2 protein chains.
Amino acid sequence: MTITQLRYVLAVAEHKNFTKAAEKTFVTQPTLSMQIQKLEEELDILIFDRSKKPIELTEVGNKLVQQAKNIVNESERIQDIVDQQKGFIGGEFKLGVIPTIMPTLLPMFLNNFIKKYPKVKLKIEELNTEAIIERLLDGHLDAAIAATPLENENIKERVLYYEPFVGYIPSTHRLNQKKKIDITDLDIDDMLLLEDGHCFRDGIINLCKTKKSYEEDHFQLESGSFETLVKLANEGLGMTLLPYLHTLDIKNDEKSNLHYFNEPSPAREVSLIFNKSELKMQIIDALHSTIAGVVKGAITFQNVKIISPMAKVKSD
Amino acid sequence: MTITQLRYVLAVAEHKNFTKAAEKTFVTQPTLSMQIQKLEEELDILIFDRSKKPIELTEVGNKLVQQAKNIVNESERIQDIVDQQKGFIGGEFKLGVIPTIMPTLLPMFLNNFIKKYPKVKLKIEELNTEAIIERLLDGHLDAAIAATPLENENIKERVLYYEPFVGYIPSTHRLNQKKKIDITDLDIDDMLLLEDGHCFRDGIINLCKTKKSYEEDHFQLESGSFETLVKLANEGLGMTLLPYLHTLDIKNDEKSNLHYFNEPSPAREVSLIFNKSELKMQIIDALHSTIAGVVKGAITFQNVKIISPMAKVKSD
DNA sequence: TTATTTAATAAATAATATCAATAGCTTTTA
DNA sequence: TAAAAGCTATTGATATTATTTATTAAATAA
C-alpha cells in the first residue's frame, strides 16, 4: 500500500470514473486501473463495484476511502511542517469568498497580500456559503471568507471583522426623515434584500432562510449585487440594507440616503474559515493578519450586535 | 514521500542507529540510508543530525517523526478495516501483562482464546505497569492487562474484573483470631507486600509508590511471587495481602490463614488497556469478551472498594 | 446494427528500491 | 599511535515496480 495508490482511490471515488480520475491525477488510465487493482489484490477486497455505471464504492471501499482521506491529509502535513520550519509561505492556495464580501474586501487586501507573499499562488473562487462548507470539508478549498458563526464542528473560524449594516432609504421612503434608524423600525414588506447573510432575528425580524416571503413578494432576487438593490430602492420599491464596506462605494448624491442604526448596530461577523485539520496553517495565518490589518482602519464601529447567518426562525 | 520511507525514519529515530534500524525493518543498511536521504532531499531538509553520536533528530526531524507516527498508524488501520469487513480476527498481537496478574489469569483464558481465535499469534510479555504504558504509547504493545485506573489520557481502559484482596494471616499473627478483618486493622510495619498494585489509601494506609518504608524496613521485596510472601509470612515475618485469584492456589493446610475483609472489601480493578488510536480493535474486543466471560464465574464478590494503583500519598 | 464510452489487458520502457561489496569517517582499544 | 571496530555513505548491479502506448473487451447509446 502506498500513498499514491490511496490518492488514486480517492480520485476515482470522487469522479466515479477512471478516465477522469486519471486526468486529474496526471497519469494515464491504465496506471490508475493497475494500481487500484494492485491495492485491491494486496488487501484482497474489492474497493469499487465496476458493474455499476457510474462506478460505485463497495461497502469496505467506502470505509477505506474515509481512512484514505485521513492518511493523505496527514501526509500532506509533512510538507506543512517543513514549510513552517523554513519560514516558507507559498504554494497553491484555494480561497472561497461569498458574493457579498468579494467586491469590497478583495480589493482592500489582495494587492497587499500578493506583494507580501509572492510565492503563494492564490486561487480565489466566488461561492455561496453552502458550497464553501462543502468544499472546505472535502478539501477542494483551503480556506474561505464568509459570514459566521457557522456552528459546524469540522470548520474552524477566525474572526476578521464585524461589519455593521447600514440602511439605504430613498427620499420617498417613510423612514427617510429619521436620522438614525432602529431595528424595530424595519418592515419586511418594503425591504429589498439579497439572499446571503441577512438574518435579522431577536424576535423582531427573521429573514434567515425563510422562504416564506418569496410567495408573498411581488418579486425576488436570488442573487445579484447591492448596486442593483440601490437602484431598485431609488425607484421607490422600498429600502435596503448594505454592509458597511459597500456604503463606501455609494455615489455622493446618494450618500444622504444612508441611515445608520442606533447602537448597537446590527452587524455581520466576517471570518476566515478553514477545515479543522488545519492544513496550510502558515498561509491561513498570513491571510488573517493581512486582512485584519487592512480592515482595522476601515471599520471603526464600537458597539455592534451580531446577526448569525445560521439563525433559524424560532418556533416558540 | 512514501509510507515506507516514513517507516524507515521511525526505525532510525527509535534505534538511533541505521544498522540496527535496518535489521528491524528487514532491509540492508544502505537501503535505509538511501531512502532517508531521498526523503531529506525531496523535502530539502535534514531529518537526522549525523554528526552526533549516537545520531540525533534535528528540530524539524522531531516534528516530522511525530507526524510520521500518525501517518504510519493511520495507514495500518486500513488493514484493520479490511479485517473487520472480512470478520477476520488474526495476525500478530502483542499483549503485556503485569507480574501479579500473569500467573493466575493467563491459564484461565489462554487456552480458550487460542482455540477460539487460532489465527491470532499472541505474543505475551510480562512487564511492570510503567513499561507497559511506555510500550502502549510507542506502539510496541497492542494491548495489556494491568491494574487500573491509570488516568492516562492516551490510554483507553476496558474493565475486565474487580479482584478483592484477601489477608493471609499466619497463626502466629495478632490478627489471626479475627474471622474477618478490616482495613483499619492493617499496620504497615508487619505487612509483606509486592511493589505492584498495592495502594491502600483513604487516610488509613497508603503504600502506593511510597519509598518511605524502604528505609525503615529490615528488608524489601522489589519483585517476586506471592508464593514467596506466603512462605515469609509462615516464617512469622508478618501478614500479607493476596489478590483473590491467587488464594485459589493456596495449599489446603494454609487455607485457614486466609481472612476476608469486611465488605466493602478492598479490591483492585483489572482492565484490558490499549492505545487510544484503537488499532486492532477486533482482537481487543475478542480478548475482552473471552477474559470477561471466563472470569465472571470465578469472582463473585458484590461489594468492593477500588484501590487505585496511581493513588499518591495525600499531602494534606 | 454501428458508434461511443469506458475499463482491463499486454508489452515495452522508464524509474526506483534493494542488495552486496566497499570506501570513508570516527571512536575505541591495544 | 597504530590497529580494530563501529557506522554511514557510495557504487554498481539487479530485481522490482510504476508508468506509458497500443489494443482489446464490454457495456451503452444512437
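Computed from a predicted model, the values in this text were never measured in an experiment. When reading the values below, keep in mind they use all heavy atoms of this one structure, side chains included, and skip hydrogens, waters and symmetry mates. Per chain, numbering begins at 1; letters A, B, ... match sequence-line order.
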Can you tell which of [options] lies closest to the side chain of [X]?
| X | options | answer |
| --- | --- | --- |
| M34(A) | dA9(D), dA7(C), dT19(D) | dT19(D) |
| V27(A) | dT20(D), dA9(D), dA7(C) | dT20(D) |
| T31(B) | dA8(C), dC7(D), dC19(C) | dC19(C) |

Taking for each residue the nucleotide of DNA chain D with the nearest heavy atom, is it K53(A) or K53(B) whose nucleotide lies nearer the 5' end? K53(B)
Closest nucleotide of DNA chain D for S33(B) versus for Q29(A): which of these residues is on the 5' side? S33(B)
Report yes if the side chains of T290(A) and Y117(A) come closer than 4.5 Å at any heavy-atom pair, otherwise no. yes
Do the non-hydrogen side-chain atoms of L57(B) and F48(B) ever get within less than 4.5 Å of each other? yes
d([atom1], [X]; [atom2], [N]) in whole Å:
| X | N | atom1 | atom2 | result |
| --- | --- | --- | --- | --- |
| L39(A) | dT19(D) | CG | P | 13 Å |
| M1(B) | dA17(C) | CE | P | 13 Å |
| N17(B) | dC25(C) | CG | P | 20 Å |
| K20(B) | dG6(D) | NZ | C1' | 11 Å |
| E42(A) | dT17(D) | CD | P | 11 Å |
| E23(A) | dT20(D) | CD | C1' | 16 Å |
| F48(A) | dA8(C) | CZ | P | 10 Å |
| D49(B) | dC7(D) | CG | C1' | 15 Å |

If you measure from CG on L141(A) to NZ on K123(A), what distance do you get to the nearest 0.5 Å? 12.5 Å
Is there a donor-acceptor pair closer than 3.5 Å between any side-chain N or O of T58(B) and the backbone N or O of L46(B)? yes
